[in-house]
There are 2 protein chains.
Amino acid sequence: MGKRGKADRRTVLLNYKLWLSSMSGEGIISEDTYHLLMKIKEKGSLKRAAEEQNMSYRKAWGDIKKAEEMLEYELTEKTRGGIGGGRSKLTGKAEKLLEAYHALHKKFDESIEEAYQEFRTKISNK
Amino acid sequence: MGKRGKADRRTVLLNYKLWLSSMSGEGIISEDTYHLLMKIKEKGSLKRAAEEQNMSYRKAWGDIKKAEEMLEYELTEKTRGGIGGGRSKLTGKAEKLLEAYHALHKKFDESIEEAYQEFRTKISNK
DNA sequence: GAACGACATGCGTATCTTTGCATCTCAAAT
DNA sequence: ATTTGAGATGCAAAGATACGCATGTCGTTC
């Protein structure tokens, strides 16, 4: 025991979510989509990417489609048939988007840390 | 016309959401809760606050309750009976929380603006 | 040209949220 | 003591999401 215990239980955590949208508000690229795209890049297959993301193929496919419709450009090059039945790989634009998204996220992480410290100071003491 | 029109439609917007949670992940104070509390402060009534927020009283009440359970302190002073049937007003702690949340949000907005510009530059050309 | 297996997609089902009652509770004002 | 109207809650209905299944498409490989 000691200084911990109750204090820990009461600790308030700060969370955030970052996503991109079109002006109409429709179609989004969220954290999940980002990770899904990263997996596609790694695996070369939407199906396997979805499996690793623990998400249904149906949803994964729908998410990518939505994102592409919103951006008005393709994120993946799809191939049907052939060995393995087909595959998906990222387009150059998708790769660039991922890089930019990642940098943005990193920046978010950094700036949230200091903002959070200030926040906690304000709500803690009387 | 000119430089706008199509370019605008394609504009990718950055969205983010900040919220507080307990360590278990349960109970949250989101943007919505923040605005709901602001309305309570303004109106002195949960019912009217919910109406203005365009949210059911049922949900509003549940959200506040959840938040209070998570924080382990009251956010509102509730009164039943009397003229008007009752009312709700914010506690001092709630006021402080709102201030801190607002400051957090503002600080975050500022520090993110730059990152967003970079992001847009990265994905726009080439 | 038959087989293979992922891409593609519709649609009914399951799951999670929010809403919409219905019902109580309570204390100030009459 | 009765009235009043928002706070407090349970619960079933309604909506929104996501999942699973079924079924079709396609192009390389054998």
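Values in this document were obtained by computation on a predicted structure and should not be read as measured data. In what follows, every chain begins at residue 1, and chains take the letters A, B, ... in the order their sequences are listed.
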I'd like to know whether A:Lys89 forms a salt bridge (charged side-chain N to carboxylate O under 4.0 Å, His left out) with A:Glu42, so could you lay out the CA-CA distance, the side-chain angles of the two residues, the decisive distance to 0.1 Å, and finally the verdict.
CA-CA 9 Å; A:Lys89 62 169 299 202; A:Glu42 183 189 333; over 6 Å; no

Distance-only side-chain donor-acceptor flag, B:Ser22 / B:Glu72, under 3.5 Å
no

Please give, in whole Å, the distance from [N] [atom2] to [X] [atom1]?
| X | N | atom1 | atom2 | result |
| --- | --- | --- | --- | --- |
| B:Lys47 | C:dC21 | NZ | P | 13 Å |
| A:Ile28 | D:dT17 | CD1 | C1' | 12 Å |
| A:Arg87 | D:dT29 | CZ | P | 10 Å |
| A:Lys66 | C:dA8 | NZ | C1' | 17 Å |
| A:Glu77 | D:dG27 | CD | P | 15 Å |
| B:Ile64 | D:dA6 | CD1 | P | 17 Å |
| B:Lys78 | D:dG5 | NZ | C1' | 18 Å |
| A:Glu51 | D:dC19 | CD | C1' | 15 Å |

According to side chain to side chain donor-acceptor pair (under 3.5 Å), who are the partners of [X], at least two apart in sequence or on a separate chain?
| X | answer |
| --- | --- |
| B:Ser21 | A:Asn15 |
| B:Lys106 | none |
| A:Glu52 | A:Lys39, A:Lys43 |

Could I get a table of every N or O pair under 3.5 Å where one atom is in the protein and the other is in nucleotides 24-30 of chain C?
residue	atom	partner	partner atom	Å
C:dC26	O2	B:Gly81	N	3.1
C:dA27	O4'	B:Arg80	O	2.9
C:dA27	N3	B:Gly82	N	2.7

Output field: ring centroids B:Tyr16/B:His105 closer than 6.0 Å:
yes

Using 4.0 Å as the upper bound for N to carboxylate O, is an ion pair formed by A:Lys41 and A:Glu95?
yes

Any side-chain N or O of B:Trp61 less than 4.0 Å from the OP1 or OP2 oxygen of D:dA8?
yes

Please check the phosphate of C:dC7 (OP1 and OP2 only) for any side-chain N or O of A:Ser88 closer than 4.0 Å.
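A:Ser88 to C:dC7 OP1/OP2: side-chain N or O found under 4.0 Å.
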
Should B:Lys107 and A:Glu114 be marked as a salt bridge (charged side-chain N to carboxylate O under 4.0 Å, His left out) after you check the CA-CA gap, both sets of side-chain angles, and the distance that decides it?
CA-CA 9 Å; B:Lys107 172 135 174 100; A:Glu114 51 175 311; 3.4 Å; yes

Quick one: which protein N/O atoms are closer than 3.5 Å to N/O atoms of nucleotides 11-19 of chain C? Pair and distance per line, please.
residue	atom	partner	partner atom	Å
C:dT19	OP2	B:Ser56	OG	2.8

Under a single-linkage rule joining Ile, Leu, Val, Met, Phe, Trp and Tyr whose side-chain heavy atoms are separated by less than 4.5 Å, which residues share a cluster with B:Trp19?
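Besides B:Trp19, the hydrophobic cluster comprises B:Ile28, listed by chain and residue number.
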
